[in-house]
Amino acid sequence: MSTAFDKLARPIQKWIREQDWRELRDIQARATHVLMDSDADLIVAASTAGGKTEAAFLPLLSQVFNDPSELSGFDILYVAPLKALITDQARRLDDVCRETELPVIPWHGDVPSSVKARALRHPRGVLLITPESLEALFIRRGLEIPRLFGATRAVILDELHSVLDSERGIQMRSLLARLEQSLNRPIRRVGLSATLGDMELAKAYLRPDNPENVETVIATSGSAELQLQLRGYVAGDKDDDAPSATDAISLHLFGHLRGSDNLVFAGARQTVEIYSDRLRTLCEKEHLPQEFYPHHASLSRDHRDFVERRLKDGNAPTTAICTSTLELGIDIGDVTCVGQIGAPFSVASLRQRLGRSGRRPGKPAILRQYVVEAKLTPTSNFSDRLRLGLVRATAMIELLLEGWCEPPQRGALHLSTLVHQILSVIAERGGVRAQQLYGMLCQKGPFRQVDTQLFLDVLRALGQPETALIEQADDGLLLLGAKGERLVEHYSFYAVFQTPEEYRLISGGKELGTLPIDNLITPGMLLIFSGRRWLILEVLDRDRIIMVSPAKAGVPPLFGGDPGNIHDRVIERMFDILESRHRPIYMDATALELLEEAQCQYAHLCFDPGRIAHLGDKAAVLATKTGSVRTTTLALALRASGFTIQTHDGLLEVFGNDETPPLIEALSAMASGKPLDLFGHSPNLLFEKFHPHLTEGLLQKDALSARLDPDGLAELSRSILR
DNA sequence: GACCTGCTGCGGCGTG
């Protein structure tokens, strides 16, 4: 059998020799065999900087070189979710493509229109594009799609794990299905991904009609040693002389991270600001150069570039206190240690974060997990007593060590994204029949959970006079309505996800970043932002601008956010931990004390009968022992019966009143399958960008498909009563 | 109880 290297085209071989590579990496060789010897689709799974890009591109470019297409169009299409990733990859590909004389065209909002115009005149080579820009091509140049992509032999989807079953992922799949239908032939799909929780689901995601034909190449996990510590802290009383938990963690970070490159994930932007401020102050007090910097999406591009460059250059030690901005995508080089303040929301993201450390041979990956728990008083709530943050962080670490991570969630209807794609197809084609539209999007596209009746309901909602997004011509053709025209015309249409309104923060003519408009802001107030302290001088409401100047004190702003979704398996593990006497070796003394306390308090909660603990006359705690979706469903059902509910990880705090039935009676009714109105107290159902155009009934169906599990309610109630 | 991501076409003006 010939080696993978032998199979590649001459110019590619020449390029590889020039790189001084001793040989192709394992995943590159295996991917080359699959891509050169078969027509199978492929998923390449490896960590950042694992050589995935070359694994896909070297064989595909070889094919283009050896067997050039006679048709017009780009030879290879590459779709990535970040502009920075496209810029990065274009630079890397330029070299190798010069050998094959193929142009490399980066295409996103910041690419000059002259570059785009030239590529449109002579489409060939490699097109690197975002889902939004591809969407724009369909809408603005629908008739030219065959000319632009006639020659395309493969599409590479980068960061596949980050878009599985998300709004953008569904959009991307819809665009690919539409592309194949325009060309009347399939295009080979190659997905690049970090390690995935469930490879079978990923295959079905990449090629829904033929998952058996998807091959996988998975990197044998980097055998880097893992060093791990979980440190517990108790938030002290205000009048306590001891340093606060925040100060104690800052001091620990200061002492252990100084002098090297590190990432500290602080969860929320507000927390990032608090820790950045403390660490900057510590450096100033010790008269040391600054090396701790905040990094999150509300900070100016300038500041973020500065932090990313400092990390990548490796010239000066740099620790970024950050949110998930530094979790995926662009390569910032290897870091010594990954810090995590507070429990993360998913094992998948914890794994992705840890993958940033220990990449050099012989260097361990280091995870420092910090958890803050409240000081208990006689009136402390049971959720504080159970130390849920500590227990969740522990459960996540244990699952990480076992190699598990969350699979993509399936079954969601994605009606908001469906509305977007309906409008997009009509714009692309000028007009389309309902039957044809259904075939394109729901039968051949990604909206397979949507049946004809539901589809017609969506069309009807969009066609209502007050919505006026679409209308039907006399011959039955669906056209854009007056409001639909306006919506699609504006460039803000291309993205399928929602973005909040914000103020721009300006000091001395320089932009610091942005702040959500729901902050209560008036001149004279003090603010912590970008790791520094500011005085608000002026608020220009109409221009959405806040003018500030440096100050000596300040408080961090609020950034808002959605409640997260915790997987069933994580919550199940939390209860395993609470019900055991498990003492993990990676915990410090405080964390061990807190854990022991939690296990003891759990035993004292007296779940009897079943999983109900009565706290008082009308108050009780239910252990659902399951993730956010089912726990939220039960919470809504009980609220519909008149109870007041507080939700926690796998637990519900339930308060009755004079009107409510006994809790056991309410649960028994649910256990027997009695129909319930989950939406009785009209909870907010507007989560996604195009939700405001749908009817209440459709919004409820959408929520039921993705965020709730009504079918599991009876069984959950039975298991709680048992 | 959280985070992240993206964006066209054209008119107007200056310069070679």
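Chain A is the first sequence line, chain B the second, and so forth, proteins listed ahead of strands; every chain is numbered from 1.
In this structure R178(A) satisfies the salt bridge (charged side-chain N to carboxylate O under 4.0 Å, His left out) test together with E135(A), E428(A), sequence neighbours excluded. In terms of the side chain to side chain donor-acceptor pair (under 3.5 Å) criterion, R304(A) has no residue partners (sequence neighbours excluded). For H303(A), there are no side chain to side chain donor-acceptor pair (under 3.5 Å) partners two or more places apart in sequence or in a different chain. Under the rule for a side-chain contact (heavy atoms from CB on, under 4.5 Å), the partners of A637(A) that lie at least two apart in sequence or sit in another chain are M670(A), L676(A), L678(A), L713(A).
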Using distance only, find each side-chain donor-acceptor pair of residues 110-118 of chain A under 3.5 Å and give its atom names and separation, not counting sequence neighbours.
| from | atom 1 | to | atom 2 | distance (Å) |
| --- | --- | --- | --- | --- |
| D110(A) | OD2 | K83(A) | NZ | 3.2 |
| K116(A) | NZ | H108(A) | O | 3.1 |

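R353(A) places its CZ atom 9 Å from the C1' atom of dA2(B), with the value rounded to the nearest Å. The separation between I321(A) atom CD1 and dC3(B) atom P is 16 Å, rounded to whole Å.
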ask   = With the sugar-phosphate defined as primed atoms, P, OP1 and OP2, and the base as all remaining atoms, what B/S/- string results for nucleotides 4-16 of chain B, 5' to 3', for protein heavy atoms under 4.0 Å?
value = SBBBBS-------
